[in-house]
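Here's the structure, in structure tokens; my notes come after.
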Amino acid sequence: MATFINEPSHTFNEYLLIPGYSSSECIPANVSLRTPLVKFRKGESPAITMNIPMVSAIMQAVSGDRLAVALATAGGVAFIYGSQSVEDEAAMVRRAKTYKAGFVTSDSNVRPSATMRDVIALSAKTGHSTVAVTEDGTAFGKLLGIVTGRDYRASRMDPETKVETFMTPFEKLIWAKEGTTLKEANDIIWDHKLNSLPILSDDGKLCAMVFRKDYDSHKQNPDELLDDHKRYVVGAGINTRDYEERVPALLEAGADVLCIDSSEGFTEWQQRTISWIREKYGDSVKVGAGNVVDADGFRFLAECGADFVKVGIGGGSICITRETKGIGRGQATAVIDVCKARDEYFKETGVYVPVCSDGGIVYDHHITLALAMGADFVMLGRYFARFDESPSNRVSLNGTYYKEYWGEGSARARNWQRYDLGGEKKLSYEEGVDSYVPYAGSLKDNVAMSLLKIKSTMCNCGALTIPELQQKAKLTLVSATSIVEGGAHDVIQKDSNTVIK
């Protein structure tokens with residue numbers, strides 16, 4: 001007979017934190033959000049520790065190389081989506097890894113025969129105003145000139161004006177030879193008051209660009225997450241089908257951590273994937289696994305050798321797995337159950353396997369609840385899809401801007417590998433939807449506000465670190481009536497645009 005769990009499973013929205021004693025030291029500025037990303041033994045330090053407890057979902061509409069750079073700048077890790085060719089995913093990882101090295105491969109390049117219209121379109125696509133003019137229009141062609149916003153005026157010039165007529169020509173450029181150190185390049189930039197510096201090979205071909213803004217960015221973002229070579233930490237998604245080809249390519253591109261992208265992790269397929277990685281690379285390659293929703297699933301993946309375990313089935317805003325297949329669990333209950341198993345496993349083995357809460361986050365305070373319930377960090381899809389840095393298009397609907405957002409189980413993504421059960425290589429039915437989310441601007445501004453809310457709530461609980469929050473937190477279930485009471489009620493709210501005379 002089936003096993004019945006008669007206790008209902010709960011979502012984050014059904015819980016509230018009860019305030020604890022806050023000393024005068026409990027101010028947001030004193031709160032540390034550092035948290036382990038991968039497993040470690042008692043008394044040792046994890047190989048990767050994040051500065052904020054946020055990673056991005058392994059989704060086409062969320063995690064590209066631009067978001068990877070932006071999130072690492074803020075202190076977290078993006079997992080570049082794996083539902084693309086091995087070559088394309090590796091290229092995304094490589095672009096993100098080389099970005100922080102200071103020597104950036106130019107992604108905005110044109111031939112001298114291109115037009116001002118082409119330059120404007122390219123700048124709109126990449127978001128970069130500096131365009132390299134190379135002989136063949138590639139990132140590594142012979143450099144002939146540079147175009148910036150100061151070289152043309154869209155309102156005064158014919159859109160068909162050739163680039164070669166208004167670019168800053170090579171003979172007027174200041175450049176440096178390949179082999180120049182980053183410090184030397186930055187010194188040249190400062191001495192000559194430049195915004196960018198081309199790095200050229202002996203035969204005049206473009207190797208990279210060094211930008212003034214990257215130096216400024218480092219000073220303005222003290223939480224940025226860097227590897228031992230001062231490059232951004234970048235994650236990448238893999239599947240349980242082509243891992244023997246994909247994993248080596250991603251590692252060669254520089255990926256710091258991998259994660260199996262799957263709707264259900266309690267499977268032999270994940271066991272095989274992790275076993276192959278361990279046999280070939282030992283513990284040097286870090287790989288997360290999941291998703292699971294109970295203690296049995298956690299222990300299975302921990303014993304398989306997973307470096308972290310993702311929790312959550314059916315809780316994502318674009319996920320319809322629960323209504324399509326009738327499988328899953330309320331996210332709060334799943335996190336509590338798995339984190340309890342994590343702590344028991346740590347007591348038994350001395351190995352701490354971090355838990356990632358994936359899905360079910362609707363409001364910023366849900367992140368704090370997930371952390372209080374035991375999660376070490378959260379994986380977010382809808383949250384990051386709203387930002388400039390996500391790969392999806394921004395569209396205007398009835399005068400309001402939105403970003404496109406679709407699930408990996410949708411017909412648009414057709415990521416059959418994520419739902420693979422060993423059958424035919426196709427997506428037989430949808431487990432995700434195609435949708436829009438309200439456009440929210442830059443990642444930096446939004447993440448900063450979310451983190452401030454998390455820190456403020458932690459202070460209300462008398463905690464200055466995530467482990468201290470987990471130790472001190474008191475949580476209470478709330479009724480449906482309490483949820484209504486928690487918002488604005490029994491008043492007529494003012495419209496910010498309404499003026500009462």
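Bear in mind that the values here come from a model prediction, so they are computed numbers and not experimental data. Atom set for the values below is all heavy atoms of this structure, side chains included, hydrogens, waters and symmetry mates excluded.
- Just one of Lys310, His366, Gln331 meets the side chain to side chain donor-acceptor pair (under 3.5 Å) condition when paired with Ser357; it is Gln331.
- Using modelled atom types, one finds no donor on one side chain facing an acceptor on the other under 3.5 Å when comparing Asn446 with Tyr383.
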For this session: Starting from the C-alpha separation in whole Å, work towards a yes-or-no answer on side-chain contact (heavy atoms from CB on, under 4.5 Å) for Leu71 and Tyr232.
Result: CA-CA 9 Å; Leu71 185 49; Tyr232 284 127; over 6 Å; no
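- Aromatic pair Phe308/Phe377: ring centres closer than 6.0 Å.
- Between Gly312 and Asn291, the closest heavy-atom pair is O-ND2, 2.8 Å.
- Side-chain contact annotation: Lys403 with Ser390, donor-acceptor N/O pair under 3.5 Å present.
- When the shell of 6.0 Å around OH of Tyr281 is examined, it contains more than 12 heavy atoms from other residues, nucleotides or ligands.
- Side-chain contact between Thr73 and Lys444: absent, with no pair of heavy atoms (C-beta onward) separated by less than 4.5 Å.
- Among residue pairs with one or both ends in residues 162-182, those qualifying as side chain to side chain donor-acceptor pair (under 3.5 Å) are Asp151-Thr168, Thr181-Glu184; sequence neighbours excluded.
- Residue pairs satisfying the side chain to side chain donor-acceptor pair (under 3.5 Å) criterion with at least one member in residues 37-58, sequence neighbours excluded, are listed as follows: Arg34-Asn51, Ser56-Ser63.
- The structure places NZ of Lys453 at 14.5 Å from NZ of Lys455, a figure rounded to the nearest 0.5 Å.
- Under the 4.0 Å criterion applied to side-chain N and carboxylate O atoms, Arg111 and Glu135 are not assigned as salt-bridge partners.
- A side-chain N or O of Glu404 and one of Asn393 form a donor-acceptor pair less than 3.5 Å apart.
- Summarising the geometry, atom CD belonging to Gln84 is positioned 7.0 Å from atom CZ belonging to Arg246; distances are rounded to the nearest 0.5 Å.
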For this session: Apply side-chain hydrogen bond (donor to acceptor under 3.5 Å, both in side chains) to the pair Asp158 and Thr161, showing each step before the final yes or no.
Result: CA-CA 5 Å; Asp158 183 348; Thr161 304; 5.1 Å; no
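- By the 6.0 Å contact criterion, CE on Met157 is enclosed, its count of non-hydrogen atoms from other residues, nucleotides or ligands being greater than 12.
- By the 6.0 Å and 45° rule, Arg386 does not stack over the aromatic ring of Phe384.
- Evaluation of the salt bridge (charged side-chain N to carboxylate O under 4.0 Å, His left out) rule for Lys280 yields no partner, not counting sequence neighbours.
- Separation of atoms CD1 (Ile80) and CG (Asp88) is listed at 11.5 Å; rounding is to 0.5 Å.
- Across every non-hydrogen atom of Ala473 and Leu17, the tightest pair is CB-CD2, 3.9 Å.
- By the side-chain hydrogen bond (donor to acceptor under 3.5 Å, both in side chains) test, Tyr405 pairs with no residue at all, sequence neighbours left out.
- In this structure the side chain of Val378 never reaches within 4.5 angstrom of the side chain of Pro53, judged on heavy atoms.
- The shortest distance between side-chain heavy atoms of Leu173 and Leu143 falls below 4.5 Å.
- Remark: Leu464 CG to Asn30 CG distance equals 6.0 Å, nearest 0.5 Å.
- Thr115 and Asp118 share a side-chain donor-acceptor pair at under 3.5 Å.
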Exercise. Would Ile188 and Asp191 count as a side-chain contact (heavy atoms from CB on, under 4.5 Å) if you check the C-alpha gap in whole Å, the side-chain angles of each, and the deciding distance to 0.1 Å?
Worked result: CA-CA 5 Å; Ile188 294 172; Asp191 290 344; 5.8 Å; no
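- Not counting sequence neighbours, the partners of Phe166 by the ring-ring contact (aromatic ring centres under 6.0 Å, His included) test are Tyr152.
- More than 12 heavy atoms of other residues, nucleotides or ligands shown are found within 6.0 angstrom of CG on Asp203.
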Exercise. After noting the C-alpha distance and the side-chain angles of Val447 and Ile52, does the key distance pass the side-chain contact (heavy atoms from CB on, under 4.5 Å) rule?
Worked result: CA-CA 10 Å; Val447 167; Ile52 65 172; 4.2 Å; yes
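- Between the side chain of Thr105 and the main chain of Ala208, no donor-acceptor pair closer than 3.5 Å is present.
- Considering all non-hydrogen atoms of both residues, Cys259 and Ala289 come closest at SG-N, 4.5 Å.
- Ring to ring, Tyr402 and Tyr439 are not that close: their centroids are 6.0 angstrom or more apart.
- In this structure, Asn195 and Phe211 have side chains that are not in contact, with every pair of non-hydrogen atoms separated by 4.5 Å or more.
- Side-chain contact check for Phe79 versus Met59: every heavy-atom pair is 4.5 Å or farther apart.
- Ile48 and Val38 get closest at one heavy-atom pair: N-CG2, 3.7 Å.
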Exercise. Checking side-chain contact (heavy atoms from CB on, under 4.5 Å) for the pair Val77/Val234: CA distance, chi angles, key distance, verdict?
Worked result: CA-CA 6 Å; Val77 173; Val234 178; over 6 Å; no
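- Distance OG/Ser83 to CG/Asp261: 7.0 Å, rounded to 0.5 Å.
- Among all heavy-atom pairs drawn from His128 and Ser108, the shortest one is CB-OG, 3.8 Å.
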Exercise. Does the pair Ser106 and Asn109 meet the rule for a side-chain hydrogen bond (donor to acceptor under 3.5 Å, both in side chains), with working shown?
Worked result: CA-CA 7 Å; Ser106 176; Asn109 314 283; 2.7 Å; yes
For this session: Check the pair Asp364, Ser450 against side-chain hydrogen bond (donor to acceptor under 3.5 Å, both in side chains), reporting the backbone distance first and the verdict last.
Result: CA-CA 6 Å; Asp364 288 342; Ser450 296; 3.1 Å; yes
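- Within the 4.5 Å cutoff, the side chain of Pro198 has heavy atoms near those of the Leu206 side chain.
- Within the 3.5 Å criterion, the main-chain N or O of Val355 finds a donor-acceptor partner in the side chain of Asp376.
- Side-chain contact annotation: Thr138 with Asp136, donor-acceptor N/O pair under 3.5 Å present.
- The side-chain heavy atoms of Lys286 and Leu258, taken from C-beta on, include no pair separated by under 4.5 Å.
- Atom CD of Glu25 has 12 or fewer neighbouring heavy atoms from other residues, nucleotides or ligands inside a 6.0 Å radius.
- The aromatic rings of His365 and Tyr363 sit parallel to each other, their planes meeting at less than 30°, with 60° as the upper class boundary.
- Checked by atom type and distance alone, the side chain of Ser123 never pairs as donor or acceptor with a backbone atom of Ile120 at under 3.5 Å.
- Within the 4.5 Å cutoff, no side-chain heavy atoms of Tyr436 are placed close to those of Trp406.
- In summary, Lys97 and Asp227 engage in a salt bridge, as defined by a charged side-chain N under 4.0 Å from a carboxylate O.
- What you find for Leu443 and Ala74 is that their closest heavy atoms are CD2-CB, 4.2 Å.
- Applying the side-chain contact (heavy atoms from CB on, under 4.5 Å) rule to Asp445 yields the partners Ser442; only residues at least two apart in sequence or on another chain are considered.
- The pair Arg278-Asp283 meets the salt-bridge criterion, with a side-chain N (NZ, NE, NH1 or NH2) lying under 4.0 Å from an Asp/Glu carboxylate O.
- Distance check: Leu122 CG to Asp107 CG gives 7.5 Å after rounding to the nearest 0.5 Å.
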